[in-house]
Amino acid sequence: MNISMKNALAMSDTPELAFSDSMERELIHNAINEERALSLTALVKAIATSVAAACVMMYDMIKETEKAIDDTDSEGGFSW
């Protein structure tokens, strides 16, 4: 008997953890749900960060525009 056959026989004597189909489906379902929750959380964080950055940029643009209008008004070159 060669070594690989001995190893195969030795491995066949070891108890294995056997999952039923329903247990396997449940484990897969739980893993997908956990990953989906993490993905949704990351997506919400990314959207919130983008919206916050856009708001800051809009605020800065409005302030710069107001300053430019005030500067031009003070020089007498701009009128409504």
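Keep in mind that what you see is a predicted model, and the values were worked out from it rather than measured.
Looking at residues two or more places apart in sequence or on another chain, you find no side chain to side chain donor-acceptor pair (under 3.5 Å) involving K63.
Just one of D71, T65, D70 meets the side-chain hydrogen bond (donor to acceptor under 3.5 Å, both in side chains) condition when paired with K67; it is D71.
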Under 3.5 Å, sequence neighbours excluded: what are the donor-acceptor pairs made by side chains of residues 46-62?
{"unit_1": "T49", "atom_1": "OG1", "unit_2": "K45", "atom_2": "O", "d": "2.8"}
{"unit_1": "S50", "atom_1": "OG", "unit_2": "A46", "atom_2": "O", "d": "3.0"}

